[in-house]
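Below: one structure, written as structure tokens.
Hydrogens, waters and symmetry mates are skipped; everything else that's a heavy atom, side chains included, is used. Chain letters run A, B, ... following the sequence lines, proteins first and then strands; every chain starts at 1.
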Protein chains: 2
Amino acid sequence: MSNNARFAEIAALAGDPGRASMLNGLMDGRALTASELAQLAGITAQTASSHLTRMTEAGLLAVEKQGRHRYHRLASPAVAQMIESIMRLAAPEVTAKPLRTGPRDAALRAGRTCYDHLAGHLGVSITDALINAGHLDLGLDAGEVTDSGLALFARAGIDVEALTAKRGRILCRPCLDWSERRPHLAGAIGAALCSHCFNNGWIRRLEGTRAVSVTPNGQRHLRETFGVSLS
Amino acid sequence: MSNNARFAEIAALAGDPGRASMLNGLMDGRALTASELAQLAGITAQTASSHLTRMTEAGLLAVEKQGRHRYHRLASPAVAQMIESIMRLAAPEVTAKPLRTGPRDAALRAGRTCYDHLAGHLGVSITDALINAGHLDLGLDAGEVTDSGLALFARAGIDVEALTAKRGRILCRPCLDWSERRPHLAGAIGAALCSHCFNNGWIRRLEGTRAVSVTPNGQRHLRETFGVSLS
DNA sequence: ATGATGCTTCGAAAACGATCGAAGTATCAA
DNA sequence: TTGATACTTCGATCGTTTTCGAAGCATCAT
């Protein structure tokens, strides 16, 4: 198959409303069952099944069989990046007119997960704070945690050494936000930081969306530990 | 229109073979006429016209009328980024089997333009050399040219101050390569460097493609001026 | 076993989009 | 003005894709 045909095939897969909904639903990095995805997209199970098969065959999704359930997730961070890049174009221009956005949309802008790390105002704020305090020093492809950052993460209970050990995944990388139009921290460290926030009850997922809210406890810890000030 | 519908609309536009060809053809940042794009995609002028209208209305392309010609170009770097991210998924896995690639493909891997800057082995090599020599120090969102880099560019005849002056475009940003799987230098500096190479005859575009080759003269200058060693 | 659940395959109906011939508009060159 | 070029609009055709009902498989609970 020609390279261009494959390009079109991939893009076309993302270009169906039903499939687009499913891909968006998987953007938080979780693995969902076919039924959940069907309901999320508002289509029947049969339809969803055929869509999921096609996307899996094309290498966009990966499946894991568990009993009578089939868990689907994005095949790789590269897929998530493609979805983000399309989202960025699809997002209403912030600069244009401050058009009316629903409450759910507002929650998404405030904070959400992006594949496996934090995005939105929350993600950008944390990233900014880390850089300003000199805890992160990011190069072009792979970033570095400074000595002070190393100590900080260790104090918080995040083992950066262990993350560095498992190669094959870039430690730090920037990921451009569709709402903030600025980059936030992704990569293995971004993922670790995100799950750390979840595990400690600093953030909580809003029912049925990928929006997250910061708990009062989380606000305090983020401020005290990482110097994050959420406007 | 719901946000998700717009997502699907954008992706679907890129998901037609004809339109995909045109978008790829515009990836070098040039503006092409409708006829050129029609020929490139192997479709008639009427068909191309309707495609171009749709993509323009969706905000993917921008047109400029000049006499009886209509020049079409990508509407923004964000569009180019989306195309790149799809390409990355569509590219044959380098890791898998070193499958037979045609000579044209080899030329593209060696060096090409990506929207308005250099990519491929060439682009990555230059970027690496600049970073290793301490001429570039890239932060998360906007990079910085170090003092030594400033001097270097000035010596070469590239006015970084002037580039910094025109705001609205990020000076440095990484752009991930589909062939090298590593980032190369994009942004205003990347664009300036690219046109500088063209203007001085260091690189030349291969007829009808966006592949570029380095001239013997260019090899020498790139090595002497920027410390680039092309394997 | 028996029935329920999760998911896939099959088949047919319906909707959609791509395509191009033909005709129309705008610009250029005499 | 006349003719040529660049491009768009219209209209009809044709192929693809989506969709879901119905039936089939696999797994689980009892």
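Regarding Ile43(B), its CD1 atom lies at a distance of 12 Å from the P atom of dT8(D), rounded to whole Å. Atoms CZ (Arg70(A)) and P (dT27(D)) sit 9 Å apart, rounded to a whole Å. The interatomic distance linking His72(B) (NE2) with dA6(D) (C1') rounds to 10 Å, in whole Å. One interatomic measurement links the two molecules: CD of Glu64(B) to C1' of dA6(D), which rounds to 17 Å at whole-angstrom precision. In this entry the distance linking CD of Gln39(B) with C1' of dC20(C) reads 17 Å, nearest Å. Remark: P of dG17(C) and CZ of Arg19(B) are 9 Å apart, rounded to the nearest angstrom. If you take CD of Glu9(B) and P of dC16(C), they are 15 Å apart, rounded to a whole angstrom. Whole-Å rounding puts the Leu37(A) CG to dG6(C) C1' distance at 13 Å.
In this structure, the side-chain contact (heavy atoms from CB on, under 4.5 Å) partners of Ala192(B), at least two apart in sequence or on a different chain, are Ile158(B), Leu163(B). For Asn24(A), the side-chain hydrogen bond (donor to acceptor under 3.5 Å, both in side chains) partners are Asn4(B), not counting sequence neighbours. When the side-chain hydrogen bond (donor to acceptor under 3.5 Å, both in side chains) test is applied to Thr44(A), the partners found at least two apart in sequence or on another chain are Gln46(A), Thr47(A). With sequence neighbours excluded, no residue forms a side-chain contact (heavy atoms from CB on, under 4.5 Å) with Ser50(B). Listed by chain and number, the residues in a side-chain hydrogen bond (donor to acceptor under 3.5 Å, both in side chains) with His72(B) amount to none (sequence neighbours excluded). With sequence neighbours left out, the side-chain contact (heavy atoms from CB on, under 4.5 Å) criterion links Ala156(A) to His196(A), Thr225(A), Phe226(A). In this structure, His69(A) has no side-chain hydrogen bond (donor to acceptor under 3.5 Å, both in side chains) partners at least two apart in sequence or on a different chain. Annotation: side-chain contact (heavy atoms from CB on, under 4.5 Å) contacts of Ser195(B) (sequence neighbours excluded): Asn199(B).
The shortest distance between the side-chain N/O atoms of Thr47(A) and the OP1/OP2 oxygens of dC20(D) is below 4.0 Å.
Under the side chain to side chain contact (heavy atoms under 4.5 Å, CB included) rule, Ile203(A) has a single partner from Leu122(A), Thr215(A), Thr113(A), which is Leu122(A).
Residues from residues 50-60 of chain A placing a heavy atom under 4.0 Å of any atom in DNA chain D, listed by number, are His51(A), Arg54(A).
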Would you mind building the protein contact string for nucleotides 21-30 of chain C? One character per nucleotide, 5' to 3', B for base within reach (heavy atoms under 4.0 Å), S for sugar-phosphate only, - for untouched. BB----BS--
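Of the candidate nucleotides dT19(C), dT8(C), dT8(D), dT8(D) has the atom lying nearest to any side-chain atom of Ala34(B).
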Side-chain donor/acceptor pairs under 3.5 Å, residues 53-65 of chain A, sequence neighbours excluded:
{"residue": "Thr53(A)", "atom": "OG1", "partner": "Ser49(A)", "partner atom": "O", "Å": "2.8"}
{"residue": "Thr56(A)", "atom": "OG1", "partner": "Leu52(A)", "partner atom": "O", "Å": "2.7"}

Polar atom pairs between nucleotides 12-16 of chain D and protein, under 3.5 Å, N or O only, would you list them?
none

Verdict with supporting geometry, Arg205(A) and Ser213(A), side chain to side chain donor-acceptor pair (under 3.5 Å): CA-CA 7 Å; Arg205(A) 194 181 295 284; Ser213(A) 67; over 6 Å; no
